Amino acid sequence: MTRPVPLLLVLVALAVPLSLLAGRVWIDPASTPNAAVILAELRLPRTVLALVIGAGLGASGAAMQGYLRNPLADPGLFGIAPGAALGAVASLWLGYAASPILLPLFALLGAAGAMALLAAIAGRTGGIALFTLAGMMIASLAGALTSLAISLAPNAFAMSEIVTWLMGALTDRSWADVWLAAPLTMAGIACLFVAGRDLDALVLGDAAARSLGMEPRRLQTWLIAGVGLTVGSGVAVAGIVGFVGLIVPHLVRPFTDRSPSQLLLPSALAGALLVLVADSACRVLPLVTELRLGIALSLIGAPFFLWLLLRMRRGLA
Amino acid sequence: MTLAARDLTLRGRLANVSATLEPGRITAICGPNGAGKSSLLQCLAGLLAPDCGSVTLDGCDLVGLHPQRRAQAIGYLPQDGAVAWDLAVRRLVALGRLPHRDRGEAHVAAALAALDLDALADRPVSRLSGGERARALLARVLAGSPRWILADEPLAALDLAHQLRLLAYLRGAAESGRGVVLVLHDLALAMNHADRVIVLESGRKMTDGIPDDALSDAIVTRVWGIGARWLGEPGARALVADQALPVAAGPDASRGSS
């Protein structure tokens with residue numbers, strides 16, 4: 001177990017009860033009417049979902065940064081999140097949003113399509129540059145098709161629904177969403193853990209990594225599966241939640257031995273903590289409507305990204 | 001336990017190169033820039049699949065060998081020395097145990113000691129000098145206890161004392177039955193410390209034999225395009241280069257580094 005893991009476990013254990021009680025209306029289990037129902041059916045699934053999605057995004061970010069050997073890498077680079085978003089937008093466009101299961105299923109289909117395309121384009125060679133470019137192409141294509149769907153929305157309501165959904169949120173999520181996302185995310189995180197040894201080898205560059213037994217195609221397969229399942233299921237139930245995969249590995253890396261495999265578990269825990277705290281803050285903030293989680297994390301993430309760039313520039317100077 | 005290349009051809013880089021390497025010896029691969037030294041080493045390490053020909057380890061084609069088994073048998077040190085994250089030296093060296101899927105702490109400790117890295121074991125790579133970094137990277141290869149050590153310019157960033165210390169270690173590794181193959185630019189090191197030298201020019205094997213023959217004055221003059229002669233006694237020779245000759249004996253200048 002790596003050094004920051006016990007601390008992160010304690011922080012998550014502290015944050016969970018606070019998150020359950022926090023909201024526009026703070027719950028006092030002793031006096032709030034229907035407290036048990038609110039906790040069990042509204043707050044708890046939302047809390048669990050925040051933990052699940054955050055863990056998936058954190059672990060994916062750590063794996064991506066390890067794979068691309070670049071601290072600026074993000075799970076979004078693979079094009080899987082935009083692919084999943086495109087699937088979800090298609091379901092909204094077709095008017096299937098009323099069904100609680102069709103939208104996430106469409107999103108998962110979108111993620112699967114992006115994964116298959118990525119594997120088909122880049123999987124034969126195993127080359128990192130081609131893989132990255134293929135991911136960026138898929139992200140660009142999915143983004144363009146999403147914009148097209150918005151511009152051709154059948155009515156203003158559908159357009160508004162699509163735009164709002166794309167912002168990402170955990171509002172009004174149920175246990176059905178948890179049962180959909182949690183197993184897939186856990187399976188995805190397991191795939192990333194399997195890739196950990198090969199990611200460690202990549203620290204030394206491609207040739208040295210292959211000399212240590214790293215197989216580029218095997219690694220890509222585990223990564224596509226890992227990032228696809230975690231990010232795809234996250235987008236399916238919560239929309240686009242950005243920056244977690246970028247920020248979290250940076251926050252925990254100094255507390256690890258900096259090898260990619262040792263970063264995965266702390267990043268998963270820190271991602272879970274970050275999304276849980278951000279989602280709780282969204283509920284508590286005294287705004288007219290609840291701040292969307294995706295917006296909140298972008299508001300935190302963009303300055304962090306700028307700070308990171310400035311620090312890297314200082315390092316280069 | 002031989003490592004054998006048969007008619008290796010890699011378009012634009014190698015042409016019909018054959019060599020059977022025996023363990024227990026230090027073999028140096030020499031040649032001017034662009035001669036194909038690094039490409040040959042990568043083929044011998046099983047990292048580059050040749051267009052024609054084959055590389056076999058104990059008679060098994062490297063292409064068909066399971067990557068993990070190949071990695072356990074052949075340790076490869078690339079020329080670039082990249083380390084993506086700021087690992088501590090001990091963690092970096094421990095990466096050499098990845099093919100064995102164990103921590104191999106005794107092997108890691110031995111590799112650290114062999115390259116005089118004990119005092120630096122907990123230091124991050126970013127705070128190492130060029131020579132210290134080169135030693136740490138080589139220690140990573142040694143930690144894997146491979147039967148074959150293939151290193152591309154392992155001595156280039158080392159000071160003289162560490163060059164000699166490392167060569168003594170490699171000599172010990174060879175005498176204990178391992179095979180050592182080094183790409184070397186420094187012809188004097190190859191002359192004085194290798195048992196066998198393979199000279200490449202423009203992707204072709206020019207000579208292959210004991211250093212006195214493979215790096216004779218005439219060969220150096222012809223392949224490197226310099227007027228040169230060896231001084232000193234066997235085992236302590238120095239190359240005196242008189243001048244660059246105005247002949248097109250060198251490799252194609254348009255090609256990059258080998």
Side-chain angles (χ1 to χ4, degrees), chain A residues 2-3 61-73 124-128 194-221 249-250 252-264 266-267 311-312 314-316, chain B residues 38-39 41-49 62 65-102 121-122 124-126 133 136-141 143-144 146 148-152:
Chain A
T2 49
R3 281 171 289 170
M64 284 291 297
Q65 291 184 8
Y67 180 62
L68 298 178
R69 285 171 275 158
N70 190 328
L72 301 181
R124 289 187 184 185
T125 62
I128 293 175
V194 173
R197 188 185 303 274
D198 284 345
L199 290 174
D200 280 352
L202 261 185
V203 168
L204 297 165
D206 189 56
R210 285 188 292 126
S211 79
L212 287 168
M214 185 275 287
E215 295 176 65
R217 287 181 61 183
R218 181 185 65 191
L219 174 58
Q220 279 189 358
T221 303
H250 284 284
V252 296
R253 188 173 285 119
F255 303 101
T256 70
D257 68 7
R258 297 175 186 271
S259 57
S261 67
Q262 297 303 305
L263 194 59
L264 289 171
S267 293
R311 205 176 66 153
M312 287 179 73
R314 273 205 303 275
L316 291 173
Chain B
S38 296
S39 298
L41 197 72
Q42 287 197 36
C43 284
L44 289 171
L47 304 177
L48 267 181
L62 276 191
L65 200 62
H66 190 279
Q68 190 184 349
R69 275 194 59 207
R70 188 198 68 213
Q72 289 171 352
I74 302 175
Y76 169 75
L77 179 69
Q79 196 174 5
D80 62 8
V83 182
W85 305 104
D86 198 14
L87 308 185
V89 170
R90 189 188 308 279
R91 183 74 184 94
L92 173 67
V93 173
L95 293 178
R97 298 303 301 173
L98 283 173
H100 301 274
R101 309 201 167 197
D102 63 20
D122 297 318
V125 174
S126 63
R133 185 187 175 97
L137 287 165
L138 188 62
R140 186 273 299 171
V141 176
W148 285 88
I149 298 169
L150 274 54
D152 199 342

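Proteins get letters first, then strands, A, B, ... in listed order; numbering begins at 1 in each. Excluded from the calculations below are hydrogen atoms, water molecules and symmetry mates; all remaining heavy atoms, backbone and side chain alike, are included. Note that the coordinates shown come from a computational prediction; the quantities given were computed from them, not determined experimentally.
Rounding to the nearest 0.5 Å places CZ of B/R140 at 5.0 Å from CG of A/L212. With rounding to the nearest 0.5 Å, the separation of OG in A/S211 from CG in B/L77 is 8.5 Å.
Taking both residues in full, the closest heavy atoms of A/A207 and B/L47 are given as O-CD1, 3.6 Å, listed atom of the first, atom of the second, then distance. Shortest non-hydrogen contact noted between A/G213 and B/A71 is N-CB, 3.5 Å.
For A/R253 and B/W85, the positive end sits near the middle of the six-membered ring, less than 6.0 Å away and at most 45° from its axis.
With a threshold of 4.5 angstrom between heavy atoms, B/P78 approaches chain A through side-chain atoms but not through N, CA, C or O. Residue contact with chain A, scored on non-hydrogen atoms closer than 4.5 Å, is absent for B/L150. With a 4.5 Å cut-off on non-hydrogen atoms, A/P71 touches chain B through its backbone and its side chain both. With a threshold of 4.5 angstrom between heavy atoms, A/D198 does not approach chain B through any atom at all.
Taking a cutoff of 4.0 Å between a charged side-chain nitrogen and a carboxylate oxygen, B/D86 and A/R258 do not qualify as a salt bridge. Salt-bridge formation is detected for the pair A/D200/B/R91: a Lys NZ or Arg NE/NH1/NH2 atom is positioned less than 4.0 Å from an Asp or Glu carboxylate oxygen.
If you run side chain to side chain contact (heavy atoms under 4.5 Å, CB included) between A/L204 and each of B/L98, B/D80, B/L87, B/L92, only B/L92 comes through.
The residue among B/P146, B/A82, B/G81 with the most heavy atom pairs within less than 4.5 Å of chain A is B/A82. When each of A/Q65, A/R210, A/M214 is scored by its heavy-atom pairs under 4.5 Å with chain B, the top score falls to A/R210.
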Should B/R101 and A/R197 be marked as a side-chain contact (heavy atoms from CB on, under 4.5 Å) after you check the CA-CA gap, both sets of side-chain angles, and the distance that decides it?
CA-CA 9 Å; B/R101 309 201 167 197; A/R197 188 185 303 274; 3.7 Å; yes

